[in-house]
Novice: 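After the structure tokens below, expect a handful of questions from me.
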Protein chains: 2
Amino acid sequence: MIDSSVAVSCSNCSVRRLCLPAGLSLEDIARLEQVTRKKKVIKAGESLYRPGDSFQNLYAIRSGSFKSVIIAADGDTQVTHFALPGELLGLDAYSKQVHSSYAEALEDSSVCRLPFVQLEILAQQVPALQQQIYSIFSEELRQENEILMLLGKRSADTRLAALLINISSRYASRGYSHSEFILSMPRTDIANYLGLTAETVSRLFSRFQRQNLIRVNGRVVQVIDLLGLSELAGTHCGYEGDI
Amino acid sequence: MIDSSVAVSCSNCSVRRLCLPAGLSLEDIARLEQVTRKKKVIKAGESLYRPGDSFQNLYAIRSGSFKSVIIAADGDTQVTHFALPGELLGLDAYSKQVHSSYAEALEDSSVCRLPFVQLEILAQQVPALQQQIYSIFSEELRQENEILMLLGKRSADTRLAALLINISSRYASRGYSHSEFILSMPRTDIANYLGLTAETVSRLFSRFQRQNLIRVNGRVVQVIDLLGLSELAGTHCGYEGDI
DNA sequence: CGATGTCTTGACCGATTTCAACTCGCGTGG
DNA sequence: CCACGCGAGTTGAAATCGGTCAAGACATCG
């Protein structure tokens, strides 16, 4: 449950520039750390919360990755997001004070548990934090709009290309290689997220490899032709283009 | 630009229960009215803002309806939302301080212009307003997730049925009939929103009519068999089920 | 009364799904 | 140590849903 002897805090967190502390003064970060103190380790396949759970906390990802999934009345599921370190999970539960989705770790991961009431109170006192919260909400809305276009208008290959570009750029902004990475999710999750079937996704991976756009081996992906892939994605590659 | 001799304000606005004032005390509403004072009339086809415009205001719809549309690099568009009275437009522009979508009136409409800086300052002082803003953000996220499932997993007829149910229930929560209404948007917009073509939407309207689910005449829709329609939609009908 | 844009309908086509078989890698237990 | 089973991934062939193209109906507005 607790990470180590060395204090884990926002100030020395590797993703602080992408997370809640972004834009805060050192002083304000110190106050934020009072809220973000509780760490939690989540093993692959475990859930942070499930539909029906009451909304108490936001979770900031420290390491690992998650998928957000909603479940329809008929049991059908939709993966709505793949979340990486620095991102916040749980925002969509505020209005109903109950989670309507679940967040499952795709690999062994760790998160900061943020009691929202406390965060809310602090934000009331720290305008920069307030703004950062708005910003995160707003950015998430913007991103969902892009995914809407992806699902509504784009062909299967464009969708997968866009996801690869997206993941690549998000890894890059976290200091990892953008040309070689390991997908932490199975094909079925990718397919579900993109509104396709696992078979189609598999075929596309094979085709992209034949076209020398990427090299795939199971979940290991090597981007060979980033430009070609971007063209396929039509630069509709979603968020975090730079930073 | 100005509405009339009678003061138009939140306190006597017909959609106050669905808008920012929801949950505020009379006293707080009075303070909010200082921010919401500026009204604006928008004619059908005109835009509230366009991609690239700097983010200054949020807009609360008083009457009429709008579509939110994003434009991809290749010029392709995606309708992301149909907005009705009481709803807020522009939230997705906060993080970049620039609009990335446009909001176009589907009919002659009127809105309250809310300078966001002022709203932000007031929210800092009025916790209930703060919470209402969070709530609206959060609810919008939740709704987009449902649309994601609609576009990712559902067949054409389910999508249209879900939209009809959704619009019907939203009209109902605004005090209008849920069994008979006028669609303010053309088929092309419906199709674009649902990730279909106008032809498919048209065919579905005809089929729904043959199946005695609805009666259509151009944009006038009469829901004959709400239960049947809901079943088709699989209760994946989106937001505002009650209230 | 013609013009323009919206809507409808039909016939055909193609991308993606569906169904099915097969491979691969891995952990378990005999 | 190896056989086995299982889930994940791949690949092929057939079926289908929705898209595309094209023509015509309808309405509104000058």
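All chains are named by letter (A, B, ...) in the order of the sequence lines, taking the proteins before the strands, and each is independently numbered beginning at 1. Keep in mind the model is a prediction, meaning the values are calculated, not measured.
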Novice: Quick test of your reading: applying salt bridge (charged side-chain N to carboxylate O under 4.0 Å, His left out), list the pairs with at least one residue in residues 197-216 of chain B, sequence neighbours left out, ordered by first then second residue.
Specialist: D157(B)-R207(B)
Novice: Take atom CG of L160(A) and atom P of dT10(D), then tell me their distance rounded to the nearest Å.
Specialist: 11 Å
Novice: What nucleotide among dT10(D), dT16(C), dC7(C) has an atom nearest to a side-chain atom of P186(B)?
Specialist: dC7(C)
Novice: In residues 197-206 of chain B, which residues come under 4.0 Å of DNA chain C by heavy atom?
Specialist: E199(B), S202(B), R203(B), S206(B)
Novice: Quick one: do the N192(B) and K153(A) side chains pair a donor with an acceptor below 3.5 Å?
Specialist: yes
Novice: Starting at CG of N217(A) and ending at P of dC24(C), how long is that distance when rounded to a whole Å?
Specialist: 12 Å
Novice: What bend angle does the helix from dC1(C)-dG30(D) to dG30(C)-dC1(D) show across its length, from five-pair end axes and to the nearest 10 degrees?
Specialist: 30°
Novice: Rounded to the nearest angstrom, tell me the gap between atom CD1 in I190(B) and atom C1' in dT6(C).
Specialist: 12 Å
Novice: What pairs of residues pass the salt bridge (charged side-chain N to carboxylate O under 4.0 Å, His left out) test when at least one of them lies in residues 63-73 of chain A, not counting sequence neighbours?
Specialist: K67(A)-D189(A)
Novice: Once ring pair (Phe, Tyr, Trp, His ring centres under 6.0 Å) is applied, do any residues pair with Y94(B), and if so which ones, sequence neighbours excluded?
Specialist: Y134(A), F116(B)
Novice: May I ask you to evaluate whether R159(B) reaches the phosphate of dG18(D), defined as a side-chain N or O under 4.0 Å from OP1 or OP2?
Specialist: no
Novice: Is it true that S68(B) and S101(B) share a donor-acceptor pair across their side chains at a distance under 3.5 Å?
Specialist: no
Novice: Rounded to whole angstroms, how far apart are CD on Q209(B) and C1' on dT9(C)?
Specialist: 14 Å
Novice: Angle between ring planes, Y171(A) versus Y176(A), binned at 30° and 60°: parallel, tilted or perpendicular?
Specialist: perpendicular
Novice: For R154(B) and dG18(D), give me the distance from atom CZ to atom P, rounded to whole Å.
Specialist: 13 Å
Novice: What is the distance, rounded to the nearest whole Å, between atom CG of L150(B) and atom C1' of dG18(D)?
Specialist: 15 Å
Novice: S206(B): which residues meet the side-chain hydrogen bond (donor to acceptor under 3.5 Å, both in side chains) condition with it, sequence neighbours left out?
Specialist: none
Novice: Do E107(A) and S109(A) pair up side chain to side chain, a donor and an acceptor below 3.5 Å, judged on atom types alone?
Specialist: no
Novice: Please state how far atom CZ in R219(A) lies from atom C1' in dG7(D), giving the value in whole angstrom units.
Specialist: 10 Å
Novice: Determine whether the side chains of Q56(A) and S54(A) contain a donor N or O and an acceptor N or O closer than 3.5 Å.
Specialist: yes
Novice: May I have the distance from L196(A) (atom CG) to dT18(C) (atom P), rounded to whole angstrom?
Specialist: 11 Å
